[in-house]
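Notes follow once the structure below has been shown.
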Protein chains: 2
Amino acid sequence: MARTQGSHSGITGPRVRKAALTLFARHGYAAVSMRQIARDVGVQAGALYNYTPDKQSLLFDLMKTHMDELLASRAALAAPPSPAAALESFTRMHIRFHSERPDAVFIAYMELRNLSPENFAAIEALRRVYEDQLEEILRAGVISGDFTVADPKVTTMAVIAMLTGVNTWFREGGRLSLEEVEQIYWDMVRKAVGA
Amino acid sequence: MARTQGSHSGITGPRVRKAALTLFARHGYAAVSMRQIARDVGVQAGALYNYTPDKQSLLFDLMKTHMDELLASRAALAAPPSPAAALESFTRMHIRFHSERPDAVFIAYMELRNLSPENFAAIEALRRVYEDQLEEILRAGVISGDFTVADPKVTTMAVIAMLTGVNTWFREGGRLSLEEVEQIYWDMVRKAVGA
DNA sequence: AGGCTATCTGAACATACGTTCCTTTAAAAC
DNA sequence: GTTTTAAAGGAACGTATGTTCAGATAGCCT
């Protein structure tokens with residue numbers, strides 16, 4: 001008994017990714033074996049290599065996809081008429097985007113240590129792009145007089161940390177709706193930068 | 001050749017903890033073997049069991065110690081005369097305390113997944129105590145009219161995330177001194193809660 | 001139906017892991 | 001000096017890992 005009936009790379013491939021995403025997020029990359037992933041998918045471990053060259057590539061692919069999608073989501077924002085509007089737009093997009101994919105977010109922040117040096121450099125570069133985009137907004141706000149920010153770079157790190165922290169506690173169907181969370185956080189961010 | 005000359009549990013014990021702390025923080029608990037820790041210490045892996053019952057206990061101990069020290073640090077704060085002063089005191093203490101032990105902080109946030117269920121529950125309870133303390137400050141500020149906070153619990157999570165995020169980028173001897181970082185963050189926190 | 005491609009199984013390889021425990025050596029106690 | 005305790009070495013145990021690859025089966029195309 002070798003090939004499973006009904007198997008098709010278009011089906012198994014995404015299943016491998018999904019299983020890896022879920023397991024890596026829950027247990028951590030290093031703690032999850034390829035056999036575990038395979039079991040979740042319903043194949044033997046050797047079959048995974050039809051879909052990924054190796055374990056590290058699987059992780060990198062997940063993390064790269066996440067960052068690419070994040071940057072695309074940000075790029076899809078309409079050009080806001082003012083720095084304050086841009087900041088609000090960014091804030092809401094960040095919370096909404098991340099809330100839709102808790103596992104991917106978790107991995108994106110928790111598994112940097114498990115990337116090979118080259119992969120780490122690639123992901124880090126993408127993260128830097130994202131951070132720089134927020135910093136640009138803050139700088140524009142300072143120049144326009146909309147914001148009172150002592151240090152745009154530090155403020156960028158603070159805001160991103162705050163926003164990303166939503167992922168550690170927010171759950172759909174909880175006490176607060178996503179819209180409420182967005183509003184509360186936007187209110188805090190706005191005030192924190194003096195807008 | 002069995003016992004190493006000059007060996008003494010008072011020396012080796014702390015070395016084991018220190019090596020584990022450093023290695024877990026850098027590579028992650030699951031990715032670090034006991035042989036690796038032993039190598040760092042300069043003993044064989046079997047010797048580690050003179051100092052810890054097992055690998056999980058080593059991790060738990062590090063994380064528990066961190067939380068105990070954090071709560072002690074917070075308890076040592078003088079009773080502030082007002083909610084605003086309490087919040088400032090908390091903010092500065094959080095940043096200072098965490099900046100002094102980056103590895104322990106990293107582990108405290110990144111290795112929750114690798115705790116056994118009972119250990120996780122114990123650490124989580126301690127984290128909840130700390131969060132509750134900040135939430136109390138915010139609630140007191142709302143009651144006294146010092147703060148304008150829509151949701152103290154959510155604000156608590158936002159502030160802690162922001163403050164803890166300092167650990168991902170702050171380095172002694174960098175562009176900013178710790179005092180400057182404290183001041184910038186306190187300013188943001190103060191404004192974010194409308195104080 | 002036959003041939004080719006796709007997709008898996010399952011065994012194996014080389015290596016590694018957490019832990020135990022007997023033996024050895026060093027240090028402390030008497 | 002002798003005995004007891006301390007602290008290590010080192011081997012082994014039972015198990016696990018990432019990966020490869022030959023062979024087996026399924027699906028597609030002619």
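Chain letters run A, B, ... following the sequence lines, proteins first, then strands; residues in each count from 1.
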Restricting both atoms to N or O, compile the protein contacts to nucleotides 26-30 of chain C shorter than 3.5 Å, with distance only.
unit_1, atom_1, unit_2, atom_2, d
C:dA26, OP1, B:Q5, NE2, 3.1
C:dA26, N3, B:R3, NH1, 3.3
C:dA27, OP1, B:G6, N, 2.8

C:dA11 P sits how many Å from A:Q44 CD, rounded? 9 Å

Hey, which of these two, A:G10 or B:V32, hits DNA chain C nearer its 5' end, going by closest nucleotide? A:G10

Tell me whether the OP1 or OP2 atom of C:dC8 has a side-chain N or O from A:Y51 closer than 4.0 Å. yes

Mind checking A:V41 for me? I need base, sugar-phosphate or nothing, with any heavy atom below 4.0 Å counting as a touch. nothing

Whole-Å distance, A:R15 CZ to C:dT7 C1', equals 14 Å

Determine yes or no for a side-chain-to-main-chain donor-acceptor pair under 3.5 angstrom, with A:S144 supplying the side chain and A:G141 the backbone. yes

A:S9 side-chain N/O to C:dA6 phosphate OP1/OP2 under 4.0 Å: no

Expressed as a whole number of angstroms, how long is the span from A:D54:CG to C:dA14:P? 20 Å

Hey, quick one: are A:V32 and A:Y51 part of the same hydrophobic cluster, counting side-chain heavy atoms closer than 4.5 Å, chains of contacts allowed? yes

Between A:D40 and A:K18, does the salt bridge (Lys or Arg N to Asp or Glu O under 4.0 Å) criterion hold? Intermediate values first, please. CA-CA 9 Å; A:D40 256 31; A:K18 177 61 185 159; over 6 Å; no

On DNA chain D, nearest-nucleotide positions of A:R35 versus A:A47: which is more 5'? A:R35

Where does the chain A footprint on DNA chain D start and end, counting 5' to 3' with a 4.0 Å heavy-atom cut-off? D:dT17 to D:dG27

Salt bridge (Lys or Arg N to Asp or Glu O under 4.0 Å) assessment of A:R96 paired with A:E100: CA-CA 6 Å; A:R96 200 174 310 130; A:E100 290 166 357; 5.9 Å; no

With distance as the sole test, does A:T164 use its side chain to make a donor-acceptor pair with the main-chain N or O of A:A161 at under 3.5 Å? no

Rounded distance (Å) that lies between atom C1' of C:dA16 and atom CE of B:M34: 15 Å

Does some side-chain heavy atom of A:I37 sit less than 4.5 Å from a side-chain heavy atom of A:F24? yes

Should the pair A:R190-A:E88 be classified as a salt bridge under the 4.0 Å nitrogen-to-oxygen rule? no

Should the pair A:R101 and A:F97 be classed as cation-pi, given the thresholds of under 6.0 Å to the six-membered ring centre and 45° from the axis? yes

Hey, does B:R113 have a side-chain heavy atom less than 4.5 Å from the side chain of A:H27? no

